[in-house]
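Scroll down for the structure; my scribbles are underneath it.
Predicted, not measured: the structure shown is a model, and the values here were computed from it. Both counts, for ligands and for their atoms, begin at 1 and track the order of listing.
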Amino acid sequence: MYDRFKGIFPALLTPFNENDEINFDALRMLIERLIAQGVNGFYVDGSTAEAFLLSFEERKKLIEQTAAICAGRTTLIAQVGCISTKQSIELAKKAEACGYDAISSVAPFYYKFTFEEIRKYYFDLADAVGIPVIIYHIPVLSGVSFSVDQMSCFLRDERFAGIKYTSADYFTLRQFKTAFPQKVILNGFDETFLAGLGMGADGAIGSTYNFMADKFIRILELFRQGRIQEAAELQKEADIIIAALCKVGVMQGEKAILTKMGIPMGPTRAPFIDLTDAQKEELFRAVFRSEWK
Ligand code: MN9
């Protein structure tokens with residue numbers, strides 16, 4: 001039922017130009033390259049997109065323009081989470097009007113809302129649109145973690161399609177999937193993608209797929225064929241790169257890599273600080289090695 005939400009979904013980065021405005025030409029280049037590589041769809045306006053550093057108007061425009069560039073060629077999921085229900089609903093309606101296949105939302109954060117408040121937030125969102133909702137579970141950044149019972153409140157409702165699961169607690173992922181085998185679970189930490197597949201994930205949403213989607217498409221293919229050793233080798237290669245990225249800053253590093261590959265991604269938005277030349281050099285040494293041993 002939810003097959004269109006399975007597979008590899010880059011969490012698209014947001015390119016900026018020298019005036020700190022969204023560079024939609026570069027976004028188009030990125031999207032075209034990824035569609036040609038065979039990704040299954042995109043996660044738009046998420047953490048990787050620097051969503052919480054964009055203005056509300058920019059977020060609406062990003063949702064709209066990404067859909068216009070994709071023009072129905074691939075599955076689209078819009079991350080509409082804001083800490084106010086009212087604003088999240090406005091973004092959700094925008095996504096639905098633009099033809100998105102699903103919306104997704106991080107739990108409202110900062111004020112330490114009660115579970116009842118968070119539950120109501122998600123149901124208000126589901127009530128506001130006619131497209132499925134994917135819960136964005138990312139305790140390390142949102143500070144909100146759902147137990148199996150709490151997640152069940154959502155997943156037993158047919159309007160909730162599944163979870164973007166960004167946590168390395170794979171026992172909990174296994175329990176979510178066992179309780180709701182028909183729902184989709186998309187792994188959120190790229191560095192443990194193969195572990196996630198082994199514990200029941202149906203695919204992944206991630207930031208490193210902006211520049212190494214091909215490797216992860218292959219890992220998924222090998223996993224599905226039962227060729228686990230070969231998949232593990234590729235995951236190991238990817239993880240050398242991800243370790244180098246984490247050292248310098250994930251989004252900054254990814255933008256530098258893609259710019260080097262010919263897509264002008266520009267800087268990240270302040271307060272992020274861009275990489276020094278020395279950091280870029282160190283990163284490029286890990287990424288652009290010709291031999292993997
Ligand atoms: O979308 C991403 N999570 C965050 C998922 O950026 C918080 C991941 O793809 C990570 O960037 C990646 C590196 O840690 O796994």
Salt bridge present between R227 and E221 (N-O < 4.0 angstrom): no
F160 six-ring face occupied by K183 cation (under 6.0 Å, within 45°): no
Atoms in ligand 1 with a heavy atom of G206 nearer than 4.0 Å: 1 (O), 5 (C), 9 (O)
Sub-4.0 Å heavy-atom approach of G46 to ligand 1: no
Protein residue, atom and distance nearest to atom 10 (C) of ligand 1, heavy-atom basis: S207 OG, 3.7 Å
Close approach of K164 to ligand 1, heavy atoms, under 4.0 angstrom: yes
Proximity flag I138 to ligand 1, non-hydrogen atoms under 4.0 Å: yes
Sub-4.0 Å atoms of ligand 1 with respect to non-hydrogen atoms of F189: 15 (O)
Heavy atom of the protein closest to atom 12 (C) of ligand 1 (residue, atom name, distance): E191 OE1, 3.5 Å
S47-ligand 1 polar pair, N/O distance under 3.5 Å: no
For atom 6 (O) of ligand 1, the protein heavy atom that lies nearest, with its residue and separation: T48 OG1, 3.9 Å
F154 six-ring centre to R159 NZ/CZ under 6.0 Å and within 45° of normal: no
Within 45° cone and under 6.0 Å: R119 NZ/CZ vs F123 ring: yes
Aromatic ring proximity, centroids under 6.0 angstrom, F216 and F193: yes
Exercise: do Y43 and S104 side chains pair donor with acceptor under 3.5 Å: yes
SB check E50 K255 (cutoff 4.0 Å): yes
Atoms in ligand 1 with a heavy atom of V250 nearer than 4.0 Å: 11 (O)
Donor-acceptor pair between S142 and Y136 side chains, under 3.5 angstrom: no
Polar side chain donor-acceptor pair, T178 to R174, under 3.5 angstrom: yes
Candidate with minimal heavy-atom separation from atom 5 (C) of ligand 1, of G188, A49, A238: G188
Residue L141 vicinity, atoms of ligand 1 by number, heavy atom under 4.0 Å: 7 (C)
Ligand 1 to T166 polar contact by distance, N or O atoms, under 3.5 Å: no
